[in-house]
Amino acid sequence: MAENGKNCDQRRVAMNKEQYNGNFTDPSSMNEKKKRDREERQNIVLWRQPLITLQYFSLETLEILKEWTSKLWHRQNIVVSCLLLLAVLIATYYVEGAHQQYVQRIEKQFLLYAYWIGLGILSSVGLGTGLHTFLLYLGPHIASVTLAAYECNSVNFPEPPYPDQIICPDEEGIEGSVSLWSIISKVRIEACMWGVGTAIGELPPYFMARAARLSGAEPDDEEYQEFEEMLEHAEAAQDFASRAKLAVQNLVQKVGFFGILACASIPNPLFDLAGITCGHFLVPFWTFFGATLIGKAIIKMHIQKIFVIITFSKHIVEQMVAFIGAVPGIGPSLQKPFQEYLEAQRQKLHHRREMGTPQGENWLSWMFEKLVVAMVCYFILSIINSMAQSYAKRIQQRFNAEEKTK
């Protein structure tokens, strides 16, 4: 890897001396122009230039559709094979027979896996600002299972309606029979599939950096350009963020598999840099993806699961509600909605909604629902802004190419 890094530095110095009709351009002026272009693109957002943003978003969508159509057209054999396989699966799904019981079981498991893997991909793939699906979906699911397990004294929830809805089993559980390990086992599939999705979402930065390194072309990605600038000014880095990025880059570059595993096994907002580093230094795919998969889907997920389960265990929740009630002045008024919410959840678990469950919607659940809607809407807006800025970058690149030919 060190040899690759030295070659990379030499190539980067050569690329900085870009030619314009036989004349070399000053690298500082190039950097200034890139900075101005980047600032101009960052102003293209819905709350500043709504019409231009929507126009560029639509044009970028058409460009992406044309690119994918062209790629599929040049891979007709693969497309035909996929269509034939899809036709066989549809026929198997709708034709009556003894196999339908297996089809339904496979369908249920497939949809469950696809749901959580999809949420994991959305969390890490880099679309817009990223959707924090652990906080919005997986974390609340683990918390609900934990609260229900302690209330029901069991994790053998009837299926169906689980996992869509949690109710206590008919047979009474033994007090204290629920353990931390039993709750971990109950949510293991959902958590691991979400972790697999987050690992898959880390692949685009890796492939982008690897392709750029192999082709020698300048990548169409600002994170990769920042990565190269960071390597170029590594010795001058003073601020904490730059030193942290350099630490991640050095760990991955020097330690290899176990460095990637260490970065993937803890909540790490800089892991995109690990993917770019691995791609840039041509780390083998299975070394990168294997370490990422083990770290995110096994180690990190068990750490997060244990944290959520302990936080929402029965005695911790009771202590938290009691602590809220002890706040001087506003404590009792804050404590009441929490108590109502927990009591409503208990009654739902025991199918006693007709026995005095508050008819009005609890403001805690109302606030959480609105928070989820707001975050999803912001995620969609960020995708629109990002795609509009991508089209603006296309325009700038075309303009720069025309300038070179003059």
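Source: prediction; values computed, not measured. When a residue number appears, it is its place in the shown sequence, counting from 1.
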*Asks:* Using side chain to side chain contact (heavy atoms under 4.5 Å, CB included) as the criterion, list what pairs up with Q304, not counting sequence neighbours.
*Replies:* F134, W194, K300, M301

*Asks:* List the atom of S124, the atom of G197, and the distance in Å for their closest heavy-atom pair.
*Replies:*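 Looking at all heavy atoms of both residues, the shortest contact is OG-O, 4.0 Å.
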
*Asks:* Please give me the minimum heavy-atom distance between I316 and T311, naming the atom from each residue.
*Replies:*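 Taking I316 first and T311 second, the nearest heavy atoms are CG2-O, 3.1 Å.
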
*Asks:* Distance check, rounded to the nearest 0.5 Å: S390 atom OG versus Y56 atom OH?
*Replies:* 12.5 Å

*Asks:* Would you name the heavy atoms of A143 and V308 that are closest together and state the gap between them?
*Replies:* N-CG1, 3.9 Å

*Asks:* With Y206, which residues qualify under ring-ring contact (aromatic ring centres under 6.0 Å, His included), at least two apart?
*Replies:* F288

*Asks:* According to side chain to side chain donor-acceptor pair (under 3.5 Å), who are the partners of Y162, at least two apart in sequence or on a separate chain?
*Replies:*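 Y162 satisfies side chain to side chain donor-acceptor pair (under 3.5 Å) with E190 once adjacent residues are dropped.
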
*Asks:* Are P169 and C152 side-chain neighbours, meaning at least one heavy-atom pair lies under 4.5 Å?
*Replies:* yes

*Asks:* Please name all residues satisfying side chain to side chain contact (heavy atoms under 4.5 Å, CB included) with P50, sequence neighbours left out, ordered by chain then number.
*Replies:*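 For P50 there are no side chain to side chain contact (heavy atoms under 4.5 Å, CB included) partners, ignoring immediate neighbours.
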
*Asks:* Could you pull out the closest heavy-atom pair between T61 and M387, with the gap in Å?
*Replies:* OG1-CE, 3.5 Å

*Asks:* By the ring-ring contact (aromatic ring centres under 6.0 Å, His included) test, which pairs, at least two apart or in different chains, include something from residues 166-192?
*Replies:*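 Sorted result for residues 166-192: empty, none.
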
*Asks:* Listed by chain and number, what are the ring-ring contact (aromatic ring centres under 6.0 Å, His included) partners of Y115, not counting sequence neighbours?
*Replies:*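 In terms of ring-ring contact (aromatic ring centres under 6.0 Å, His included), with neighbours along the sequence ignored, Y115 is linked to no residue.
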
*Asks:* Between the side chain of N385 and the main-chain N/O of L46, is any donor-acceptor distance below 3.5 Å?
*Replies:*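 Present.
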
*Asks:* Using the side chain to side chain contact (heavy atoms under 4.5 Å, CB included) criterion, which residues pair with Q104? Sequence neighbours excluded.
*Replies:* none

*Asks:* By side chain to side chain contact (heavy atoms under 4.5 Å, CB included), which residues pair with I330, not counting sequence neighbours?
*Replies:*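 So I330 forms a side chain to side chain contact (heavy atoms under 4.5 Å, CB included) with V327, S333, L334.
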
*Asks:* Return the set of residues passing side chain to side chain donor-acceptor pair (under 3.5 Å) with Q55 (not counting sequence neighbours), or none when no residue passes.
*Replies:*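 Partners of Q55 under the side chain to side chain donor-acceptor pair (under 3.5 Å) test: none.
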
*Asks:* Is the shortest side-chain heavy-atom distance between F312 and I142 below 4.5 Å?
*Replies:*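 Of all side-chain heavy-atom pairs linking I142 with F312, none is under 4.5 Å.
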
*Asks:* Tell me every residue that passes side chain to side chain donor-acceptor pair (under 3.5 Å) with Q76, counting only those two or more places apart in sequence or in another chain.
*Replies:*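 Per chain and number, Q76 pairs via side chain to side chain donor-acceptor pair (under 3.5 Å) with no residue.
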
*Asks:* Short question: side chain of S313, backbone of I310 - any donor-acceptor pair under 3.5 Å?
*Replies:* yes

*Asks:* The criterion is side chain to side chain donor-acceptor pair (under 3.5 Å); which residues satisfy it with N43, sequence neighbours excluded?
*Replies:*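 In terms of side chain to side chain donor-acceptor pair (under 3.5 Å), with neighbours along the sequence ignored, N43 is linked to R48.
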
*Asks:* Do side-chain atoms of S58 reach the backbone of L54 as a donor and acceptor pair under 3.5 angstrom?
*Replies:*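 Looks like yes, one N/O pair under 3.5 Å.
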
*Asks:* Using the side-chain hydrogen bond (donor to acceptor under 3.5 Å, both in side chains) rule, collect all pairs that involve residues 90-101, keeping only residues at least two apart or in two chains.
*Replies:* Y93-E107

*Asks:* Could you walk me through whether W116 and T133 satisfy the side chain to side chain contact (heavy atoms under 4.5 Å, CB included) test, starting with their C-alpha distance in whole Å, then the side-chain angles of each, then the deciding distance to 0.1 Å, before giving a yes or no?
*Replies:* CA-CA 9 Å; W116 289 111; T133 52; over 6 Å; no

*Asks:* Quick check: closest heavy atoms across H302 and I298, and the distance to 0.1 Å?
*Replies:* ND1-O, 2.7 Å

*Asks:* Describe, in one word, how the ring planes of F289 and F285 are oriented to each other, choosing from parallel (under 30°), tilted (30 to 60°) and perpendicular (over 60°).
*Replies:*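 Judged by the thresholds at 30° and 60°, the geometry between F289 and F285 is parallel.
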
*Asks:* Near W47 CH2, under 6.0 Å, is it more than 12 heavy atoms from other residues, nucleotides or ligands?
*Replies:*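 Atom CH2 in W47 is packed in, count exceeds 12.
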
*Asks:* So, applying side chain to side chain contact (heavy atoms under 4.5 Å, CB included) with C278, which one of T292, T287, I260 is it?
*Replies:* I260

*Asks:* Check whether any side-chain heavy atom of Y113 lies under 4.5 Å from a side-chain heavy atom of I189, and answer yes or no.
*Replies:*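 Side-chain contact under 4.5 Å: yes.
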
